[in-house]
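Shown next, in structure tokens, is the structure this report addresses.
Starting from 1, each residue takes its place in the sequence as its number.
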Amino acid sequence: MASAVTKFRVVVVEDDPDVAFFMKTVLEKRADAVAFAVTDPAVALETIAEVDPDLVITDIEMPGISGLDLLKELRNRYPGMPVVVMTAHVSVDYAVSALRAQADEFLTKPVASAELVEIVNRLAAESRVKRAAQRRQVVLAIGAHPDDVEIGVGGILAAHRDAGNDVVILTLSRGARGGDADDRQHESLASAELLGARLFLEDLEDTHISAADPTVSIIERVVAEVQPDIVYTHSSHDRHQDHRAVHAATNVATRSVRTVCCYQSPSATIDFRPTRFVPIDGFTETKLRLLDCFRSQTELRAYLEPDFVLATARYWSRFGGGKSCEPLEVMRDTADISVPASSIQTDARIRRTA
């Protein structure tokens with residue numbers, strides 16, 4: 001028997017207490033559901049808001065508000081919520097009105113228990129799948145130094161934010177070997193603020209980041225706190241020792257994360273071989289603005305020049321779609337086992353190669 005936490009939540013709006021009790025009993029004994037019987041239609045919307053059900057069943061003829069009026073209001077407030085309407089009066093007019101109001105099912109009383117159970121289990125299960133697919137994702141981007149993640153996945157992160165996802169950046173050092181640590185800290189904060197991301201800025205020694213502890217422990221701590229659905233990090237195919245170390249530490253520290261992908265750094269080797277190419281059309285300007293936050297580096301690094309950044313994205317589009325892409329190597333993507341599409345696809349239209 002499933003626990004109460006995983007049972008489907010169903011609100012039954014029925015002004016006849018006997019019918020409401022009957023339906024509640026059937027659903028709780030024969031369907032995998034917890035049912036909430038509402039016999040006062042005036043409080044139906046309030047109850048639905050509190051319960052956040054997977055499914056609503058409502059009678060048509062009720063005092064104060066009809067089932068069809070309730071259905072229309074639910075469609076305005078909760079467009080994806082399944083709604084079943086029922087009536088004791090069998091008529092074509094009722095059925096047509098219900099269907100026009102976008103009811104998912106139309107039942108006539110007395111409702112057969114087997115039919116009720118089948119409809120509830122089917123529609124509630126479909127509702128759960130849709131809600132899970134639409135759930136706001138948490139994205140964690142891990143870099144060894146300030147500006148690493150903006151260079152590698154700045155466009156992808158902007159696409160995630162545009163899709164309503166939470167973006168977290170973990171930068172493991174303050175980049176003291178590449179410039180003034182205080183300047184680079186302020187630049188990192190400015191970039192995170194521009195993106196709307198949460199920033200974890202650590203202070204490991206630049207050029208001496210370990211592939212073991214304390215790096216692994218830091219990443220594990222952040223992963224435990226933010227519970228990411230997707231992680232982006234450095235590739236192992238990289239000339240910079242810090243990048244390779246962060247890659248190895250991330251591989252250990254993100255064991256519980258279903259999707260982990262690696263981005264390209266300017267120091268990536270020819271062995272960097274991406275298999276996913278994310279179109280970032282519409283987000284290239286945001287990426288350039290993110291990189292422009294790192295003024296201490298843009299004046300020194302040719303690879304941060306806008307034309308170089310845009311040309312790189314344009315090149316990768318030959319393997320993906322659109323006019324600009326960011327490439328990814330896939331370390332792990334067990335999300336494909338349980339859902340039809342990659343967990344990233346909903347936000348950035350991933351393209352794959354064979």
Side-chain angles (χ1 to χ4, degrees), residues 139-203 206-207 230 232-235 238-240 242-243 246 261-268 272 274 277-317 320 322-328 347-349:
V139 179
L140 172 62
I142 304 173
H145 317 101
D147 78 23
D148 280 348
V149 300
E150 288 87 352
I151 293 171
V153 284
I156 292 175
L157 296 182
H160 277 297
R161 285 296 299 138
D162 185 69
N165 294 331
D166 294 328
V167 174
V168 181
I169 296 174
L170 169 59
T171 302
L172 289 158
S173 80
R174 309 206 174 195
R177 290 295 182 94
D180 182 83
D182 289 337
D183 288 343
R184 303 200 73 183
Q185 173 180 332
H186 293 315
E187 292 168 349
S188 297
L189 290 168
S191 175
E193 183 177 0
L194 176 61
L195 184 61
R198 181 181 181 186
L199 175 66
F200 289 84
L201 186 57
E202 299 296 324
D203 198 17
D206 189 0
T207 72
I230 304 168
Y232 300 111
T233 192
H234 289 286
S235 168
D238 200 296
R239 294 187 301 275
H240 200 299
D242 283 352
H243 296 179
V246 171
C261 297
C262 304
Y263 53 79
Q264 183 185 36
S265 295
S267 53
F272 177 77
F277 305 89
V278 185
I280 58 169
D281 296 345
F283 301 102
T284 54
E285 287 302 317
T286 302
K287 179 171 182 173
L288 293 179
R289 290 171 60 202
L290 294 174
L291 295 177
D292 191 53
C293 291
F294 298 92
R295 294 294 179 85
S296 69
Q297 303 302 299
T298 56
E299 298 174 357
L300 303 173
R301 316 294 181 189
Y303 55 73
L304 290 176
E305 295 176 2
D307 60 347
F308 189 98
V309 173
L310 295 175
T312 301
R314 182 75 175 125
Y315 168 79
W316 287 116
S317 70
K323 295 183 178 180
S324 301
C325 281
E326 286 176 337
L328 296 171
D347 305 316
R349 306 187 308 280

Any side-chain heavy atom of H243 within less than 4.5 Å of one from D148?
yes
Between the side chains of H240 and S265, is a donor N or O closer than 3.5 angstrom to an acceptor N or O?
no
Can you name the closest pair of heavy atoms from D206 and D242 and give their distance?
OD1-OD2, 3.3 Å
Go through it in stages, so that I can follow the logic: the residues are V153 and L328, the test is side chain to side chain contact (heavy atoms under 4.5 Å, CB included), and I'd like the CA-CA distance, side-chain angles, deciding distance and then a yes or no.
CA-CA 9 Å; V153 284; L328 296 171; 4.0 Å; yes
Below 4.5 Å, heavy atoms only, C-beta onward: do Q264 and P274 meet side chain to side chain?
no
Could you walk me through whether Y315 and C325 pass the side chain to side chain contact (heavy atoms under 4.5 Å, CB included) test, one step at a time?
CA-CA 8 Å; Y315 168 79; C325 281; over 6 Å; no
Locate the shortest heavy-atom distance separating G143 from Y263; write the atom from each residue and the value.
CA-OH, 3.4 Å
With a 3.5 Å cut-off and sequence neighbours excluded, list the donor-acceptor pairs that the side chains of residues 170-181 form with protein atoms.
| from | atom 1 | to | atom 2 | distance (Å) |
| --- | --- | --- | --- | --- |
| S173 | OG | A144 | O | 2.8 |
| S173 | OG | G175 | N | 3.3 |
| R174 | NE | E202 | O | 3.4 |
| R174 | NH1 | Q185 | OE1 | 2.4 |
| R174 | NH2 | L201 | O | 3.4 |
| D180 | OD2 | D182 | N | 3.1 |
| D180 | OD2 | D183 | N | 2.9 |

Separation between CG of L157 and CD1 of I169, rounded to the nearest 0.5 Å
6.0 Å
Where D281 and G322 come nearest, the two heavy atoms and their spacing
OD2-CA, 3.0 Å
Sub-4.5 Å side-chain heavy-atom contact between F277 and E326:
no
Hey, is the main chain of S191 close enough, under 3.5 Å, to the side chain of E150 for a donor-acceptor pair?
no
Determine whether D147 and L304 make a side-chain contact, defined as any pair of heavy atoms from C-beta on separated by less than 4.5 Å.
yes
Are the side chains of I280 and I156 in contact, using a 4.5 Å heavy-atom criterion?
yes
Distance, nearest 0.5 Å, that separates NE2 of H186 from OG of S296:
11.5 Å
Please output the side-chain donor-acceptor pairs of residues 305-314 that fall under 3.5 Å, not counting sequence neighbours, one pair per line with the distance.
| from | atom 1 | to | atom 2 | distance (Å) |
| --- | --- | --- | --- | --- |
| T312 | OG1 | F308 | O | 2.9 |
| R314 | NH1 | S317 | OG | 3.4 |
| R314 | NH1 | K323 | O | 3.3 |

Is a donor on one side and an acceptor on the other found under 3.5 Å between the side chain of E187 and the backbone of P146?
no
Would you check if the side chain of D238 reaches a backbone N or O of S235 as a donor-acceptor pair within less than 3.5 Å?
no
Decide if atom CZ of R289 counts as having more than 12 heavy atoms of other residues, nucleotides or ligands within a radius under 6.0 Å.
no
Salt bridge (charged side-chain N to carboxylate O under 4.0 Å, His left out) pairs touching residues 154-172, sequence neighbours excluded, are R136-D166
Is there a side-chain contact between Y232 and H160 (heavy atoms, below 4.5 Å)?
yes
Separation of R295 CZ from T298 OG1 (nearest 0.5 Å):
6.0 Å
List the atom of L194, the atom of C293, and the distance in Å for their closest heavy-atom pair.
CD2-SG, 4.1 Å
